[in-house]
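Note sheet for the following structure.
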Protein chains: 2
Amino acid sequence: DRQRKHYICTTFQKFGSNVGGGWVEAQNSRGTVGLVPEDYIEVKTILIISFVFDLTSLYRALDEIRKLCGIIFSSVYSFDEEWDDDSDDGKSTGGYGGSQVEEGGTMQRAGGHSTMKLSLNKFPGFSKTPNPEVYLLTKHIAKGDERLPIYTGEVGPVWLYPQTQLDCVVADPKKGSKMYGLKSYIEYQVTPNTTNRPVNHRYKHFDWLYERLVEKFACALPIPCLPDKQVTGRFEEEFIKMRMERLQGWMSRMCRHPVISNSEVFQLFLNYRDEKEWKLGKRRAEKDEIVGVKIFSNIDPELPELDPAQVEQKYEMYSQFTRSMDNSVKELLAVGHLHWKRCTGPLQKEYRQIGKAFQNLSSVFNTSAYPRESTLTEALTATGKTYEEIAEIVAEQPKKDLHFLMETNLEYKGLLGCFPDTITVHKAAIDKVKEADHVVVMNKISQQDKLIMEKNLSTMSYALQAEMNHFHSNRIYDYNRLMQFYLEEQVKFYETIAEKLKKTLGQYTTM
Amino acid sequence: DRQRKHYICTTFQKFGSNVGGGWVEAQNSRGTVGLVPEDYIEVKTILIISFVFDLTSLYRALDEIRKLCGIIFSSVYSFDEEWDDDSDDGKSTGGYGGSQVEEGGTMQRAGGHSTMKLSLNKFPGFSKTPNPEVYLLTKHIAKGDERLPIYTGEVGPVWLYPQTQLDCVVADPKKGSKMYGLKSYIEYQVTPNTTNRPVNHRYKHFDWLYERLVEKFACALPIPCLPDKQVTGRFEEEFIKMRMERLQGWMSRMCRHPVISNSEVFQLFLNYRDEKEWKLGKRRAEKDEIVGVKIFSNIDPELPELDPAQVEQKYEMYSQFTRSMDNSVKELLAVGHLHWKRCTGPLQKEYRQIGKAFQNLSSVFNTSAYPRESTLTEALTATGKTYEEIAEIVAEQPKKDLHFLMETNLEYKGLLGCFPDTITVHKAAIDKVKEADHVVVMNKISQQDKLIMEKNLSTMSYALQAEMNHFHSNRIYDYNRLMQFYLEEQVKFYETIAEKLKKTLGQYTTM
């Protein structure tokens, strides 16, 4: 294994002489030619940055370069302390029923954002899908410190869960400014339940954390996207509240994950004591080498090895499940969106009209000069006012019940959008192991290598199973809570209206 | 008075030498020229009917002539025994939310039909509005038999109400046929509470009754139109049920009216013992001479005479009230129509979609192979089914509550549509009396005549007041009942849904 590490691809010949299945013919420094997995190749590139005094242009240039080069640029990443792609201008989306969301359209948040950044960059090499081969062929022993054990729980393979669950509160958004007031931003207070000591973070710090988590874990764990960074602006308070709520949701989900919550970078984010510790920790995290498929090296399932057929069967099941659930969640979001619009739009209007019509009739009756009028006109006016109240109750109701249902489903939509990327890595590994016999025959790898690959594939599968069991357990908890909350609020809604109507009914003369 | 009866207008000069205000210069058989009220003039016309063997064409021709000549033709009216403008074909309207009623449009029934036939024909002479002058100048004493007394009740001038209120049940529609089966029709059984003996009537008999009542009473009492005769057809049972319900409503309203219910023609309709009695009674009713403005001669208010200013004030108030209420009722019908459509259309669809979305999610969850799934999936399926039930409840609800609200308001729309015609007669009388001073000065009528006119105007006003008080009393009763019924059903509706949701909520695990 170590031997292979010496191959260095000196030209871009790997595309010319790609033998297929992620294998590349390459030459090492001593002139030896052989097959290497794509992901073993390091590309050496020198970037020359002409220093411009216009800082904004520089930031933009850096951003472009960063997008193009991904991880290569992680060493200049600390510059982004000065970036502000989170400045408080642009457009806002307040809810799901606002005029800015077009009918039948998808939600803004997690809409364009629903896949991890895994596919474009963040992984060594130029391969679009992280190639699991670098891991599959490694005969590794998980180190004690970063070891990620998998046990058999009641539901099957599970991660090691901590005794007390980490959680945090995101609160108290405050406006700050930089560069003599030229740039302003919102800082949130994040307080973990472990230390109870608040730390301050801007949106871009969350984004930085997100990128580190994707880099490090996304091959094994789907990392849900942050709430959309594009939307800011005019309805500032409402927007800040919504973003805070969503950051809270994201942080809680991360805290609940036994692997993520226990990671050094996540602990840094929650527990840093001062600016210095934060900056040092950041640099350390950015230089972390156990990223991409290498994360599987840390996984240590204390369980019997699975054969490739079992692995494939699990993969198929999870792939099917996450795709189906993605569709189902989108269906629920679409109908929820329509219902939200109907409640705040035509239904509110209609109940107001009904209310007005009863009140107008009452006003007319009031002009009759007939002596026995007052009981009816008073009752009719009260009925009209009740229907006007119902109009407002109907329009406010989505915020009370549908909001939480939509938010949770949006979170799940985001999460499910990350599964294909994670699952693709497993598919690639399964395919590699299937080809292994053929490669053994060609004497490109040894029979021993093949057995190592199968063992590692089993480990990957246990990681996926532990992750899916974590997902299922959370899903059942979340949807149970969600549905109960939704139904409780719906019951209250219908009971409130019934009560109001009963009260107004009492004002009529019994005959 | 009798002297004036001898004036006969031999030519159509009355239009050429109309001196205004309904006075016409005319010449009597002895050559004397003088002013006569328009309505004193009899027009002698001979109609020649060429007998055609095609009966249908004849009926149509007769109908046309009847429409043109009105009362002149009452002697041939008995021909209409063979007419069948109530044949069971054409279009149907089932409710208010059906596809055949376009959005925001008015209801079919009572839409085109909302004024009495009073303005086009049914009154002697060619004047468009029945001219009250024939009555105003008559020094009459109400006959004992047809006398219509007006008393002072708690609410002001009131008709004499019978000790027990007449009512009837319209039921048991049966198909009958005529002309060897060529014409078929529906016969309804009408059973008055007085005799408890059922009589059979076709729609066209109701229509005949309606025409007699308009002819006789419409100058003093607004006669609400029958349910629209145009709509029949395909959904026969539904249509017959709807028509029966509306005929029942119309008959009950007529029964409740102390003047109408006591009239000879109405009693005939309810109590005839055999075909012979019916036919004789019909002919007698058709030859009734106390029709149009002459009805006021029967009215006998046992109350102090009102001066013209008081009369005008009352007139203004009633005119304003009925117009305002007409608008208000139309507004309520329009919003009720919209609401009906929303409940049976988009709302039902949306709740079905919500139900489906929950059930689909449950189906997906069911495929997880996760061992702790069943409680949630069962609860989710139950929730989905509950929302599907709610969809049906929502769609059925208008039939339960809105239907009665719409029917009652349609009845009132029809009734209010008749008021302008009735009220116009009063306006004409007021104007005539205002001109009286001027006509006295011109020596066309005597001071004595003027006083008679004022007394008669007072009588007309008392009739209108009694009628308005009857209207108000019924209105308060009807709307009280209507609103109570509507709200009771609405309360039940919201409570039913709350109960169903509560039940499904109970299926989730408490956490």
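Atoms considered below: every heavy atom in the structure, side chains included; atoms not considered: hydrogens, waters and symmetry mates. Keep in mind that this is a model prediction, so the values were computed, not measured. Note on naming: letters A, B, ... go to the chains in the order of the sequence lines (proteins, then strands), and numbering restarts at 1 for each one.
Here A:M483 is the residue among A:M325, A:K356, A:M468, A:M483 with the most heavy-atom pairs under 4.5 Å with chain B. Of all the listed residues (A:Q353, A:H472, A:E350, A:Q507), the one sharing the greatest number of non-hydrogen pairs under 4.5 Å with chain B is A:E350. Counting heavy-atom pairs under 4.5 Å between each of B:Q490, B:E488, B:H339 and chain A puts B:H339 at the top.
For a residue to count as touching a neighbouring chain, one of its non-hydrogen atoms must lie under 4.5 Å from one of that chain's; by this rule B:Q320 does not touch chain A. Heavy atoms closer than 4.5 Å to chain A are found in the side chain of B:L376, but not in its backbone. No part of A:Y318 comes within reach of chain B, as not one of its non-hydrogen atoms sits under 4.5 angstrom from that chain. Within the 4.5 angstrom heavy-atom criterion, atoms from both the backbone and the side chain of B:N469 approach chain A. Proximity to chain A is absent for every atom of B:A379, based on heavy atoms less than 4.5 angstrom apart. In this structure, chain B has heavy atoms under 4.5 Å from both the backbone and the side chain of A:S473. Only the side chain of A:L405 comes within contact range of chain B, judged by heavy atoms closer than 4.5 Å.
For B:Y151, there are no ring-ring contact (aromatic ring centres under 6.0 Å, His included) partners, not counting sequence neighbours. Taking A:F485 as the reference, A:F404 meet the ring-ring contact (aromatic ring centres under 6.0 Å, His included) condition, with sequence neighbours excluded.
Chain A is approached within less than 4.5 Å, heavy atom to heavy atom, by B:Y494, B:E495, B:I497, B:A498, B:L501, B:K502, B:T504, B:L505 from residues 493-506 of chain B, ordered by number. Scanning residues 380-400 of chain B against chain A with a 4.5 Å non-hydrogen threshold yields B:L380, B:T383, B:Y387, sorted by number.
Remark: B:Q313 CD is loosely packed, at most 12 non-hydrogen atoms of other residues, nucleotides or ligands lying under 6.0 Å away.
Separating the CZ atom in A:F365 from the CZ atom in B:R475 is a distance of 4.5 Å, to the nearest 0.5 Å. The CG atom of B:L361 lies 7.0 Å from the CG atom of A:N409; values are rounded to the nearest 0.5 Å. Atom OG of A:S362 and atom OH of B:Y479 lie 12.5 Å apart (nearest 0.5 Å). The structure places CG of B:N366 at 12.0 Å from OG of A:S324, a figure rounded to the nearest 0.5 Å. Between atom CZ of residue A:F471 and atom OH of residue B:Y370 there is a gap of 11.5 Å, rounded to the nearest 0.5 Å.
Side-chain atoms of A:N480 and B:T509 include a donor-acceptor pair closer than 3.5 Å.
Salt bridge status for A:R372 with B:E154: present, with a side-chain N to carboxylate O gap under 4.0 Å.
Minimum heavy-atom separation, B:S368 to A:M317: O-CE, 4.1 Å. Across all non-hydrogen atoms, the minimal contact from B:S328 to A:N360 is OG-C, 3.4 Å.
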